[in-house]
Structure formats: C-alpha cells, structure tokens
Amino acid sequence: MSYRLAGKRVFVAGHRGMVGSALVRRLASEDCEVLTVSRDQTDLRDQDGVRRWFAANRPDAVFLAAARVGGILANDTYPADFLHDNLAIQGNVIDAAFRSGVGKLLFLGSSCIYPKHAPQPIPEDALLTGPLEPTNQWYAIAKIAGLKMCEAYRRQHGADFISAMPTNLYGPGDNFDLEKSHVIPALIRKAHEARLAGVPSLTVWGTGTPRREFLHVDDAADALVHLMAVYSGPGHVNVGCGEDVSILDLTRMVASVAGFEGNLVHDLSKPDGTPRKLMDVTRLKATGWEPRISLEEGLADAFRWFVQHQATARLSV
Ligand code: GDP
C-alpha cells in the first residue's frame, strides 16, 4: 500500500529553507506538480490565510518543512517566537490539510526533540523519557507537539499524517554565519577563508572529541520522499545515516576538501556540547532506504556550493 506522488499536487511548506529547497529539487523527478507559497502571499502563522490558501490550491500531499529555526543563541533570545511561531505554523498547516482533504502529510521534526541524556544511538521510543536540553527546549517542545498532532489526527480522524526526525543535516542552502551556524558550514567557511588569506591555522571549537552524525540534505530529501511513499503509521521515523564521526576527523576532512594545509588550533573556551549524538535508524532501514552520499562526497558538494554562492549565502543572520 504505497502512496504515489505521480500526478499529484504536492505542497512543500518552507521551500526556501535548506530542507524545503532540497525537497523541491528532489520532487522534480517525481512527475508531480510542486506547489509553494511565499511568505508575502501567505504567512503560515496566519490561520485564515492558511485555510484560504488550502481551499484555493487543493494540494493532495504536503511536506511540512516550514519552521522558525536557529541555534542556541536565537533560541535563548527569542523563546516566545520559537514556541509561538512553530506551534502556529504546524497547527495551521496540519489542521488546514485535514480540513481540505489532503491524502498524505509528512511533518518534519528534529533530533533535538529527544531527551538530553537519551541512549546512543537514539531510538524513536526515547521520546519523552527524560528532560530536554534546556537551551533549545522551546523549539523542541513545539516540534514534539507537531508530531503528536500528526498522531492525534491519525487517531481521531484516520488522517495519513506521518512524522520524520532528521539528524544533523548539511549541504546547499546551509547557514554560514560563524556565530550561529552548525559545525560543517562553519568549518567550510573558516577553512576556505584561511586558505585564501594564507592564514596558517584553523580554529576548531572545543576538544574535537565529540561525535556527531551528519546527513547530506539531498539524501534527507530522498529519504522523506521515500517515507511519503512507503510509510504509514503513528510513530515517527528517525532519518540519518547511522554513522558518526569525531569533530576532529570531520575537521581534517573539511580541511582536505578546502585545500587548507595549515594547523588545527582548539578554542577550548567554546563548548563541546553533548559527547555524542547518533540516531538509531533501524526503522528507516527496515523500509528499504539507504543513504547514497558519503560524507567525503557530501562535504565536497557543500564546499562547491559555498564557493559558488558566497555572495548570496547566509553569511550573517
Ligand atoms: P550541536 O550538534 O548541537 O552540538 O551543534 P554544532 O554543530 O554547533 O556543534 C557540534 C560540535 O562541533 C561541537 O562539539 C562544537 O564545539 C564543534 N565545533 C568545532 N568547531 C566549530 C565551529 O566552528 N562552529 C560550530 N558551531 N561548532 C564547532
């Protein structure tokens, strides 16, 4: 009982973000009609506007990749916005999708929904088994509510709404702001700028011993399209590659991709964060999906994208 996207009207909410734009690229080969909406036309926080948009455009399927996102600093500074905007966006889109008879919806969460001290690799059923990481609890609480909303609409109304929880993603369209970005775009930018300026050293935050899992956003989009087709159930599905790497090894790989041959220097005033963050991807693998882009290839692709789009990339937010 697979859901076919061919011939359907498929709404990608959040098409300007890193995941949304990767979904639009991926859906180009699905023989479906992709619908998007700009914020000037319809602000997804506006319930009336969202209902009107669904009534007028009648999508068959929805990828809900729209969210207010940001790092530690942004979460800490704008907790009300993170809670309110994410609850409003997902509440409006999920409910309007149900009211307008959308056949399938996929809600996108994030690995930060899991408890701070979740077992590693993190299985789906670790959800709500312990306290969250306090710095991004605002975002995490909203995302947990979103996946519970999909579960509730399935239970009460029989709606085929599913949720996926991606691991750390990277690739084209990433945020390259050095203060607010995640580690891969930060290292890409620092290595490139150091090489160009002939600076002999590259600064790595922390000890370099923490381990993280990374998935290229094109692989993530492919996994989401796959789940849309083959998965239907109340439980969310982790989306990752199932392998992690130390920050030091990652830094060496980025330096090599960027042609930086100088030394690595550790800035120990910066936090290491959690020692390890790896998703248990047993459930995803059981659906028959495997990543295709190795970390080496993915980093080379992200680096090329950064160099080509430096002028327009998000260098500061
Ligand atoms: P996290 O996965 O939520 O901890 O987010 P990050 O991607 O920001 O950080 C992952 C790890 O990379 C942490 O141990 C950081 O200290 C380390 N790291 C090393 N250099 C950098 C850097 O330049 N920027 C960022 N953001 N992290 C870095």
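Order of listing sets the numbers, starting from 1, for every ligand and every atom in it. Remember, it's a predicted structure, so these values are computed and weren't measured experimentally. Heavy-atom basis, side chains included; hydrogens, waters and symmetry copies ignored. Numbers here are sequence positions counted from 1.
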For ligand 1, which atoms sit closer than 4.0 Å to a heavy atom of [X]?
{"X": "P210", "value": "14 (O)"}
{"X": "S181", "value": "26 (N)"}
{"X": "V204", "value": "19 (C), 20 (N)"}
{"X": "K190", "value": "22 (C), 23 (O)"}
{"X": "A186", "value": "22 (C), 23 (O), 24 (N)"}

Have D301 and H216 got a donor and an acceptor in their side chains that come within less than 3.5 Å?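 The criterion, which ignores hydrogens and geometry beyond distance, is satisfied for H216 and D301.
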Any K270 heavy atom less than 4.0 Å from ligand 1: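 The answer is no: ligand 1 sits nowhere under 4.0 Å from a heavy atom of K270.
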Please tell me whether V265 and F260 are part of a single hydrophobic cluster in this structure, the criterion being side-chain heavy atoms less than 4.5 Å apart.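 Different hydrophobic clusters.
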Should V183 and I293 be counted in the same cluster of Ile, Leu, Val, Met, Phe, Trp and Tyr side chains packed under 4.5 Å apart?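 Looking at the clustering, I293 is in a separate group from V183.
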Between [X] and [Y], does any side-chain N to carboxylate O distance fall below 4.0 Å?
{"X": "D85", "Y": "R68", "value": "yes"}
{"X": "D177", "Y": "R189", "value": "no"}
{"X": "K148", "Y": "E151", "value": "yes"}
{"X": "R252", "Y": "D249", "value": "yes"}

Nearest protein heavy-atom contact for [atom]: which residue, which atom, what distance?
{"atom": "atom 22 (C) of ligand 1", "value": "W205 CD2, 3.6 Å"}
{"atom": "atom 1 (P) of ligand 1", "value": "R212 NE, 3.7 Å"}
{"atom": "atom 14 (O) of ligand 1", "value": "D272 O, 2.6 Å"}
{"atom": "atom 6 (P) of ligand 1", "value": "H182 ND1, 3.6 Å"}
{"atom": "atom 3 (O) of ligand 1", "value": "K277 NZ, 3.5 Å"}

Going by distance only, is there an N or O of I247 that falls short of 3.5 Å from an N or O of ligand 1?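 No, no N or O pair falls under 3.5 Å.
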Can you figure out which of V254, V183, N168 has its heavy atom closest to atom 7 (O) of ligand 1?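 Considering heavy atoms of V254, V183, N168, the nearest to atom 7 (O) of ligand 1 sits in V183.
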Which bit of P271 gets closer than 4.0 Å to ligand 1, counting heavy atoms only: side chain, backbone, both or neither?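 For P271, the contact with ligand 1 is made by the backbone alone.
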Is there a side-chain contact between W305 and I188, using heavy atoms and a 4.5 Å cut-off?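 SC-SC contact between W305 and I188 ruled out.
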Pick from N86, D81, L87: which one makes a side-chain contact (heavy atoms from CB on, under 4.5 Å) with L83?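 Running side-chain contact (heavy atoms from CB on, under 4.5 Å) over N86, D81, L87 with L83 returns exactly one hit, L87.
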